Amino acid sequence: MIYITGDCHGNYCKFNTNVFPEQKYMTKDDYVIICGDFGFWDNSKEQNYWRNWLEKKPFTTLWVDGNHENYDLLSTIETDIWNGGKVQFINPSVIHLMRGQVYEIEGFRIFTFGGARSHDISGGILDKTEPDYRRKKRQLDRQKKSYRVNHVSWWKEEMPCEEDFDEGRRNMEKHNWNIDYIITHCCSSGTQEMIGKGMYPSDKLTDYLQEIKRNCNYKQWFFGHYHNDRMISPKEILLYERIIRIV
């Protein structure tokens, strides 16, 4: 079985048995995939508690990265190969699915591509090493503007690099651009325009995903990021709180 859901931001309560009773019939050979913003932030006692809590669940948790992950911390974790693609094992059954990979899971080909541009930063990005950091922070707090702090609550790696894009193209070519399911955090530029109606500007990643959409034969595409549950089309599904079974 494969289930898919949206952003968690470090809160995994929707995987409680009373909310997600289907897990009673699942094993570690069954999967729940999170479409980005898993909530991989630090190695605090609280975070480790929740990762171990997920590890004790009967299913295996898979996730693509979003724009709310600690990429400094992720960079310290060894890369392995699992089911045909690159992964990072956070725990034995809590697994980060990396950008531009194609995995064979339950007999299906699944293409993954994490990352997204943060939209909730009207106050910009602050840097704690700058002399006027505290003054800028106080000013933004008074103005009640949203902002992020570099290497604390924001990382430039939220946006993929050209190497990530090329990795995805190479792996797609290996499979003749025929994929069963696509799992991403954000979506293509055209789909984003349908969702936001001009609220979210396109960028290199959404344009790249538009290229993927144009060239790839796929059954369904699942993504998160926009904090809504909505069927955009029979082939494109935006997820947030819902957990749906695809296999």
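A quick note: this is a predicted structure, and the numbers were derived from the prediction, not measured.
For the 3.5 Å distance criterion, the side chains of R51 and N43 qualify, holding a donor opposite an acceptor. Judged purely by distance below 3.5 Å, without hydrogens or angles, the side chains of T112 and Q101 never pair a donor atom with an acceptor atom. Looking at D207 and S189, their side chains do bring a donor and an acceptor atom within 3.5 Å of each other. Side-chain N/O atoms of S93 and T60 include no donor and acceptor closer than 3.5 Å. Residues K14 and T5 bring a donor and an acceptor atom of their side chains to less than 3.5 Å of each other. Y208 and D164 form no side-chain donor-acceptor contact under 3.5 Å, judged by distance and modelled atom types alone.
Note that K235 lies in the cation-pi zone of Y218, set by a 6.0 Å cut-off to the ring centre and a 45° limit from the axis.
Hydrophobic clustering keeps I121 apart from L126 (ILVMFWY residues linked when any side-chain heavy atoms are closer than 4.5 Å, directly or through intermediates). One hydrophobic cluster holds both I237 and Y181 under the rule that ILVMFWY side chains link at heavy-atom gaps under 4.5 Å. Residues F89 and M98 share a single hydrophobic cluster, defined by chaining ILVMFWY side chains whose heavy atoms lie under 4.5 Å apart. L62 and V247 end up in the same hydrophobic cluster when Ile, Leu, Val, Met, Phe, Trp and Tyr side chains are linked at under 4.5 Å. A continuous path of ILVMFWY side-chain contacts below 4.5 Å connects V64 to I246, so both sit in one hydrophobic cluster.
Using a distance-only test at 3.5 Å, with no hydrogens or angles considered, no donor-acceptor pair links the side chain of N176 to the main chain of N178. A donor-acceptor pair is defined here as one N or O able to donate and one able to accept, closer than 3.5 Å; such a pair exists between the side chain of Q47 and the backbone of G39. Checked by atom type and distance alone, the side chain of E69 pairs as donor or acceptor with a backbone atom of D37 at under 3.5 Å.
The side-chain hydrogen bond (donor to acceptor under 3.5 Å, both in side chains) search around D72 returns H151, W155, not counting sequence neighbours. For N11, there are no side-chain hydrogen bond (donor to acceptor under 3.5 Å, both in side chains) partners at least two apart in sequence or on another chain. Residues satisfying the ring pair (Phe, Tyr, Trp, His ring centres under 6.0 Å) test with W53, not counting sequence neighbours, are W50.
The existence of a salt bridge linking R109 and D180 is excluded, since no basic side-chain nitrogen approaches an acidic carboxylate oxygen closer than 4.0 Å. We find that E211 and R214 are not joined by a salt bridge, their nearest charged nitrogen and carboxylate oxygen being 4.0 Å or further apart. Using a 4.0 Å cut-off between charged side-chain N and carboxylate O, D132 and R135 make a salt bridge. Under a 4.0 Å N-O distance rule, the pair E158/R117 does not qualify as a salt bridge.
Using a 4.5 Å heavy-atom threshold, the side chains of D65 and L97 count as separate. Looking at heavy atoms from C-beta onward, Y31 lies in side-chain contact with I105 at the 4.5 angstrom threshold. Looking at heavy atoms from C-beta onward, E106 lies in side-chain contact with D30 at the 4.5 angstrom threshold. At a threshold of 4.5 Å between non-hydrogen side-chain atoms, the residues C187 and T206 do not count as touching. Contact annotation: the side chain of K213 approaches that of T191 to within less than 4.5 Å [non-hydrogen atoms, C-beta and beyond]. Proximity of P160 to F165: side-chain heavy atoms (C-beta onward) are separated by under 4.5 Å at one or more points. Side-chain atoms of I244 and F222, non-hydrogen and from C-beta on, do get closer than 4.5 Å to each other. Using a 4.5 Å heavy-atom threshold, the side chains of V87 and T79 count as separate.
The neighbour count for K128 NZ, taken as heavy atoms of other residues, nucleotides or ligands under 6.0 Å away, does not exceed 12. Annotation: E78, atom CD; neighbour count of heavy atoms from other residues, nucleotides and ligands within 6.0 Å does not exceed 12. Surrounding CZ of R134 are at most 12 heavy atoms belonging to other residues, nucleotides or ligands under 6.0 Å away.
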* Derivation of the ring pair (Phe, Tyr, Trp, His ring centres under 6.0 Å) call for H227 and H9 -> CA-CA 11 Å; H227 291 194; H9 300 281; 5.1 Å; yes
* Asked: Between I90 and I77, is a side chain to side chain contact (heavy atoms under 4.5 Å, CB included) present by the stated rule, with each step listed?
  -> CA-CA 8 Å; I90 309 305; I77 299 175; 3.5 Å; yes
* Asked: Taking it one step at a time, do I4 and L239 satisfy side chain to side chain contact (heavy atoms under 4.5 Å, CB included)?
  -> CA-CA 8 Å; I4 299 185; L239 290 172; 3.5 Å; yes
* Would you check, one step at a time, whether the test side chain to side chain contact (heavy atoms under 4.5 Å, CB included) holds for I182 with I110? => CA-CA 6 Å; I182 297 176; I110 298 179; over 6 Å; no
* Asked: What do the steps show when you test D80 against K86 for side chain to side chain contact (heavy atoms under 4.5 Å, CB included), and what is the final call?
  -> CA-CA 6 Å; D80 289 289; K86 297 176 183 176; over 6 Å; no
* To do: Dump the intermediate steps for salt bridge (Lys or Arg N to Asp or Glu O under 4.0 Å) on D166 and R169, then the final yes or no.
  => CA-CA 5 Å; D166 289 341; R169 292 187 185 103; 2.9 Å; yes
* Would F59 and Y3 count as a ring pair (Phe, Tyr, Trp, His ring centres under 6.0 Å) if you check the C-alpha gap in whole Å, the side-chain angles of each, and the deciding distance to 0.1 Å? -> CA-CA 10 Å; F59 53 83; Y3 288 84; 8.5 Å; no
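For H185 and H68, the distance between ring centers is not under 6.0 angstrom. Note: F108 and Y103 fail the aromatic proximity criterion, with ring centroids not under 6.0 Å apart. Y240 has its ring centre no less than 6.0 Å from the ring centre of F223. Two rings, from H96 and F40, have their centers 6.0 Å or more apart.
The two residues R148 and S118 make their nearest non-hydrogen contact at NH1-OG, 3.2 Å. Between P201 and Q192, the shortest heavy-atom contact is O-NE2, 3.3 Å. For N91 against I95, the heavy-atom pair with the smallest separation is O-CG1, 4.4 Å. Minimum heavy-atom separation, L205 to G115: CD2-O, 3.2 Å. C186 and H225 get closest at one heavy-atom pair: CB-CD2, 3.7 Å. When all heavy atoms of M194 and I232 are compared, the pair lying nearest together is CE-CG2, 3.6 Å.
Applying the ring pair (Phe, Tyr, Trp, His ring centres under 6.0 Å) test between Y12 and each of F38, Y49, W63 identifies F38 as the sole match.
Between the CD1 atom in I183 and the CZ atom in F113 there is a gap of 14.5 Å [rounded to 0.5 Å]. The distance from atom CE of M1 to atom CG of D29, rounded to the nearest 0.5 Å, is 10.0 Å. Note that the NZ atom of K56 and the CG atom of L54 stand 11.0 Å from one another [nearest 0.5 Å]. Of the inter-residue distances, the one linking N215 atom CG with E173 atom CD reads 9.5 Å to the nearest 0.5 angstrom. Atom-to-atom distance recorded for Y200:OH and H119:NE2 is 7.0 Å, nearest 0.5 angstrom. Here the CE-CG distance, from M231 to L238, works out to 11.0 Å after rounding to the nearest 0.5 Å.
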